[in-house]
Amino acid sequence: MKLLIADDDRQIREGIKAGIDWSSLGIVEVLTAASGTEAFEIFCANLPELVVTDVRMPGMDGLELLKRIKETRPATKVIILSGYNDFKYLKKAIQWDAADYEMKPIRARSLIQLIKKVSEEIVRERVSEETFRKYLASHKELFVDDFAGGRIRDRLILQDGLMQYFQFDAKGTLLCVRIEPDRRREEAAEKERCADAMLRALGGREAEADELWLKTKDGSLIGLLKLETVSYLYARHAVASLKNRLADSVREAAQTCGCSLSAGISLPGNASDVNELQAQAREALALRLYSGKGSVHAFEEGGALREETIRGLAEDDEFLNLIREARLERLTERVSVEFARLRQERAYGEKSLAGYCKALIHLLPGAAGEPSAELAEYARRRIEELETSAFVDIGEYEDFVRLAFEEAIEAYFNVGVARLSAPIQLAEAYIRNHYAEELTAEKVAEHVGKTSNYFSHLFKKEMGVPFREYVNRLRIAKAKQLIERTTDRIYEIGERVGFSDYAYFTQVFRKLEGCSPTTLRKKPDVKDENLKIED
């Protein structure tokens, strides 16, 4: 629908054009004219369905414009705005079938209501009554959709729509709530069933005097609740009470219908802030990532989850070695510890967590002993699956990563816990617990109940390297961590990981790492300022 605004006062016509969100009223184009003559030319070229005109304008006044418009296109609706309370003007406006006659100055809210009323009359005249009712229903759905999507930015249009469609007065202090199903991939009918169950748990009515609950197309609920006062202490009490009420309603919906939902609550605000309040409710809801399904959260300043790269196991050489050695038990243990850390930090959002899981799975092809097209394809499929997942709980991400490692090691790695004999499993565990002590093949063979020669042969066969080389690799890996993460002296680190001979420690380190311990310590990313290093 097109609208033409005719007024010789530039400030008035441009103010009306720019001051109202016309698209939310179904107006796709707003035209302006500074005189009656210009307005009629624009009208003939564009044939707008709706015209708002001043009475007194140079060249051709508003009443003459009304007459010519009605002679040209009788279906066009014309609203007269006049600064003169003169009956002869009103009489002529009625004679030429003006849609309305309003005195200046007219408030924005009144003009919005008038435009909506006249727009509905235009539609009503075009279609049958049944079709018109469908039009009103679809317009209500469109309003809810625009509201949920943050596309209504005009406070007056928002308040007027909430009153017209739901009899909800949005003036004053508001809280915004967002409630979503915890299973994102549910069918539309199932999502609606969950939303209806939550509405019943909340009291059974869509709207009351002080609260409104709207169902969105994606199966969520958006709530607006009015507060009696702007007092800070009262607002805190209201949020705490609402949080308890929502938690009870979430449990009731789960018990009666098996629907798992979570909720987020905004800070107090008003109709002008409603899009920001919706964003706060979403950020609060995002915290279910760490609290789990069926949880309720209130927004707190500075508490938003970050979307940035997570550093951890993906950069850990020891973790990479565990993958190479296919040490599934130790791998899953490290994964559990890592996710426990992330739970405790409660800092990262879903995108960051998904990206971190992709990085971990991406380690698999590079850690294999030989390039494997099958393993690379497996990792690609799992990463693709992760990108399309509907996880809302950090536990689901952890389980996904753990299962990916279990499947990959079982299917694609030549060495794994399940393929090691019982003596070698026992030996490997003993070495990891006693690597800093004096270790010999004879001592470990005795521990596992085998002869020294048989043990050495079996160890190299199953682990892929001789006993001494395996122990040295483990010790150097531990030493490298200490060099990079502590300021301890190099010779002390060598002794701590099991090298009593400092020269031998340096020799083995250089062979395995390609540089001396001192050179590693002096790299820019290693903290060794003000430390005297003896080499």
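Positions are given from 1 along the sequence.
- Contact check on Glu325 versus Arg330 returns no salt bridge, with no Lys/Arg side-chain nitrogen under 4.0 Å from an Asp/Glu carboxylate oxygen.
- Counting only distance, with no hydrogens or angles, the side chain of Ser262 and the backbone of Gly294 share a donor-acceptor pair below 3.5 Å.
- Residues Ile493 and Arg521 form a side-chain contact, since some pair of their non-hydrogen atoms from C-beta on lies under 4.5 Å apart.
- Residue Glu437 places its CD atom among more than 12 non-hydrogen atoms of other residues, nucleotides or ligands, all under 6.0 Å distant.
- Tyr397 places no side-chain N or O within donor-acceptor distance of the main-chain N or O of Leu386, the cut-off being under 3.5 Å.
- Annotation: the span from Thr486 atom OG1 to Glu492 atom CD amounts to 9.0 Å, rounded to 0.5 Å.
- Side chains of Pro517 and Thr506 form a contact here, defined as non-hydrogen atoms less than 4.5 Å apart.
- Atom OH of Tyr234 is surrounded by more than 12 heavy atoms from other residues, nucleotides or ligands within 6.0 Å.
- In this structure, Glu283 contributes its side chain and Ala304 its backbone to no donor-acceptor pair below 3.5 Å.
- Looking at every heavy atom in both residues, Leu289 comes nearest to Gly349 through CD2-C, 3.9 Å.
- Closest approach of Ser291 to His297, counting heavy atoms only: OG-CE1, 2.9 Å.
- Using a 4.5 Å heavy-atom cutoff, the side chains of Val444 and Phe459 are not in contact.
- A distance of 4.5 Å separates CG in Leu458 from CD in Glu462, rounded to the nearest 0.5 Å.
- The side-chain heavy atoms of Val274 and Cys176, taken from C-beta on, include no pair separated by under 4.5 Å.
- In this structure, Arg178 CZ and Phe299 CZ are separated by 15.5 Å, a value rounded to the nearest 0.5 Å.
- Closest of all the heavy-atom pairs between Leu364 and Ala408 is CD1-CB, 3.7 Å.
- Atom CG of Leu482 is separated from atom CZ of Arg496 by 5.5 Å, given to the nearest 0.5 angstrom.
- Between the side chains of Ser352 and Glu308, no donor-acceptor pair is found at a separation under 3.5 Å.
- Counting heavy-atom neighbours within 6.0 Å of Gln344 CD, excluding the residue itself, gives a total of 12 or less.
- Proximity of the aromatic rings of Phe405 and Phe319 is defined here by a centroid distance below 6.0 angstrom, and this criterion is met.
- In this structure, CG on Leu287 lies 8.0 Å from CD on Glu300, to the nearest 0.5 angstrom.
- Using a cut-off of 4.0 Å between Lys/Arg side-chain N and Asp/Glu carboxylate O, Asp196 and Arg193 are scored as not salt-bridged.
- Here the closest non-hydrogen pair linking Gly312 and Glu338 is CA-OE2, 3.6 Å.
- The two residues Ile152 and Asp21 have their closest heavy-atom pair at CA-OD2, 4.3 Å.
- Between Glu406 and Arg402 no salt bridge is recorded (no basic side-chain N to carboxylate O distance below 4.0 Å).
- Annotation: side chain of Glu190 is in contact with side chain of Cys194 (closest heavy-atom distance under 4.5 Å).
- From Leu360, atom CG reaches atom CD1 of Ile310 across 9.0 Å, with rounding to the nearest 0.5 Å.
- At least one donor-acceptor pair closer than 3.5 Å links the side chain of Glu396 to the backbone N or O of Val392.
- The pair Glu384-Arg381 does not meet the salt-bridge criterion, since no charged nitrogen lies less than 4.0 angstrom from a carboxylate oxygen.
- Taking a 6.0 Å sphere around CZ of Arg236, one finds it holds 12 or fewer heavy atoms contributed by other residues, nucleotides or ligands.
- Salt-bridge annotation for Glu428 and Arg432: present, with a side-chain N of the basic residue lying under 4.0 Å from a carboxylate O of the acidic one.
- For the salt bridge (Lys or Arg N to Asp or Glu O under 4.0 Å) condition, the pairs that include at least one residue of residues 141-153, sequence neighbours left out, are Asp145-Arg151, Asp145-Lys217, Asp146-Arg151.
- Within the 4.5 Å cutoff, side-chain heavy atoms of Ile179 are placed close to those of Leu202.
- Salt bridge absent: Lys511 and Glu469 never bring a charged side-chain N and a carboxylate O closer than 4.0 Å.
- Between Phe143 and Phe166, the ring-plane angle classifies as tilted under the 30° and 60° cut-offs.
- Classification of Arg245 and Glu211 as a salt-bridged pair holds, one side-chain N sitting under 4.0 Å from a carboxylate O.
- When side chains are defined from C-beta on, Asp316 counts as touching Arg334, because their heavy atoms get closer than 4.5 Å.
- In this structure, Asn472 and Phe499 have side chains that are in contact, with non-hydrogen atoms separated by less than 4.5 Å.
- Counting heavy atoms of neighbouring residues, nucleotides and ligands inside a 6.0 Å radius, atom NE2 of His362 does not exceed 12 of them.
- Ala263 and Leu246 get closest at one heavy-atom pair: CB-CD1, 4.2 Å.
- With respect to the salt-bridge test (charged N to carboxylate O, under 4.0 angstrom), the residues Glu252 and Arg200 do not qualify.
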